[in-house]
2 protein chains.
Amino acid sequence: MAGATNRLPKLPVERALKVIAGRWKPVILYYVFDGPKRLSELKRMMPDITQKVLIQQLREMEEHGLVRRQIFAEVPVRVEYSATVLGLGLEPVLLSLCAWGQRHAKEQNDIPDVADCIVRPRRAPGATAAT
Amino acid sequence: MAGATNRLPKLPVERALKVIAGRWKPVILYYVFDGPKRLSELKRMMPDITQKVLIQQLREMEEHGLVRRQIFAEVPVRVEYSATVLGLGLEPVLLSLCAWGQRHAKEQNDIPDVADCIVRPRRAPGATAAT
DNA sequence: CTGTATCCGTGCCGATACTG
DNA sequence: CAGTATCGGCACGGATACAG
């Protein structure tokens with residue numbers, strides 16, 4: 001089954017969409033952009049996703065070169081998922097998607113209860129949320 | 001059933017994705033960005049889409065405020081689909097998606113047979129494709 | 001902790017036929 | 001020309017149970 005997933009659309013836009021449009025992929029990317037994460041961490045951060053789907057989405061993104069899976073052969077095996085350079089290149093794209101999404105929400109008078117965008121650049125450690 | 005479609009995700013990114021990630025939406029938008037199009041025109045431009053799906057995607061985008069449907073009560077009724085301002089705001093977003101998609105294709109050694117991006121700003125009428 | 005296997009509902013989208 | 005109606009495949013993702 002693996003290897004068949006790289007049958008991606010020819011058109012670049014559709015290719016990009018296909019790769020990031022998984023139900024949880026944007027959210028996973030958001031967390032992974034922040035730094036390497038363990039499976040259990042991600043699971044804890046996203047209580048609504050089932051473990052099966054989480055791994056599934058991670059596998060796809062791994063196959064598409066967005067995230068990297070590293071196994072540390074320590075006493076209890078540790079597995080970390082981190083963003084690749086290619087994956088990091090998605091950050092600005094997701095940001096523009098987010099910006100447009102907010103604009104769209106406003107224009108449809110459908111303000112989400114989440115005030116700010118979940119996909120955004122990491123904030124400086126000490127920076128307070130100005131604005 | 002209509003009206004239920006505006007139940008969009010809370011997160012702006014997901015909202016944006018949901019709205020543009022239809023099978024043919026990026027392509028339709030590409031053509032519609034270029035100017036108002038009739039249904040038959042769009043159908044001719046995209047031979048691989050069935051009429052039912054074409055109308056379906058148009059209806060959704062209309063409901064989401066991306067395109068506008070105008071009926072001209074002329075002798076044979078004419079119907080035109082054009083991009084709204086909100087819809088036009090997607091052009092740069094689709095462009096960045098496209099740019100990333102190309103980069104992704106290269107990095108995966110999977111060069112598409114379509115040389116350039118299908119979603120791009122309109123070209124000046126007389127301009128030759130100078131790369 | 002990390003991961004697989006199975007089952008199954010639902011939504012998207014394609015084919016085809018029909019209508020004003 | 002523009003649009004609706006019906007049927008059906010299939011991929012996606014959610015629930016749950018099991019395994020190294």
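Letters go in sequence order (proteins before strands), and every chain restarts at 1. The figures here come from the full heavy-atom set of this structure, side chains too, leaving out hydrogens, waters and symmetry mates.
- Note: NZ (A:Lys18) to P (C:dC12) measures 14 Å, nearest angstrom.
- Across all non-hydrogen atoms, the minimal contact from A:Cys98 to B:Pro12 is O-CB, 3.4 Å.
- Note that the OH atom of A:Tyr31 and the CD atom of A:Glu41 stand 12.0 Å from one another [nearest 0.5 Å].
- Near DNA chain C, defined here as any heavy-atom distance below 4.0 Å, the residues from residues 39-46 of chain A are A:Leu39, A:Ser40, listed numerically.
- Residues A:Arg103 and A:Gln108 form no side-chain contact, since every pair of their non-hydrogen atoms from C-beta on lies 4.5 Å or further apart.
- Counting only heavy atoms from C-beta outward, the side chains of A:Ile49 and A:Leu42 never approach each other to under 4.5 Å.
- In this structure, OH in A:Tyr81 is found 6.0 Å from CD1 in A:Ile55, a value given to the nearest 0.5 Å.
- If you take CZ of B:Arg7 and C1' of C:dG11, they are 17 Å apart, rounded to a whole angstrom.
- Residues B:Val85 and B:Val93 fall into different hydrophobic clusters, defined by Ile, Leu, Val, Met, Phe, Trp and Tyr side chains chained together at heavy-atom separations under 4.5 Å.
- Here D:dG13 presents its C1' atom at 14 Å from CD of B:Glu14, a figure rounded to the nearest Å.
- Atom CZ of B:Arg23 and atom P of D:dC10 are 16 Å apart (whole Å).
- Each end of the helix from C:dC1-D:dG20 to C:dG20-D:dC1 gets its own axis from five base pairs, and the two axes differ in direction by 40°, given to 10 degrees.
- Each salt bridge (Lys or Arg N to Asp or Glu O under 4.0 Å) pair with one or both residues in residues 42-54 of chain A, not counting sequence neighbours, would appear here, but there are none.
- Residues satisfying the side-chain contact (heavy atoms from CB on, under 4.5 Å) criterion with A:Pro36, sequence neighbours excluded, are A:Glu80, A:Ser82.
- Residue A:Trp24 has no polar side-chain atom (N or O) positioned under 4.0 Å from OP1 or OP2 of D:dC12.
- Here D:dG13 presents its C1' atom at 14 Å from CG of A:Leu58, a figure rounded to the nearest Å.
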Could you pull out every donor-acceptor pair under 3.5 Å between side chains of residues 21-28 of chain B and any protein atom, sequence neighbours left out?
from: B:Lys25; atom 1: NZ; to: B:Glu60; atom 2: OE1; distance (Å): 2.7

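- Residues from residues 69-83 of chain B that place a heavy atom under 4.0 Å from any atom of DNA chain C: there are none.
- One atom, CD of B:Glu60, and another, P of C:dC12, lie 7 Å apart when rounded to the nearest Å.
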- Item | Residue pair B:Tyr30, B:Leu94: steps toward the side-chain contact (heavy atoms from CB on, under 4.5 Å) verdict | CA-CA 9 Å; B:Tyr30 163 70; B:Leu94 291 176; over 6 Å; no
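- Applying the salt bridge (Lys or Arg N to Asp or Glu O under 4.0 Å) test to residues at least two apart or on different chains, the pairs with a partner in residues 64-75 of chain B are B:Glu74-B:Arg78.
- Listed by chain and number, the residues in a side-chain contact (heavy atoms from CB on, under 4.5 Å) with B:Lys18 are B:Leu8, B:Pro9 (sequence neighbours excluded).
- Distances shorter than 4.0 Å separate none of the side-chain N or O atoms of B:Arg38 from OP1 or OP2 on D:dC1.
- Shown for residues 48-57 of chain B: residues whose heavy atoms fall under 4.0 angstrom of DNA chain D, namely B:Gln51, B:Lys52, B:Ile55.
- Hydrophobic clustering (ILVMFWY, side-chain heavy atoms < 4.5 Å, transitive): A:Phe72 and A:Val79 are in distinct clusters.
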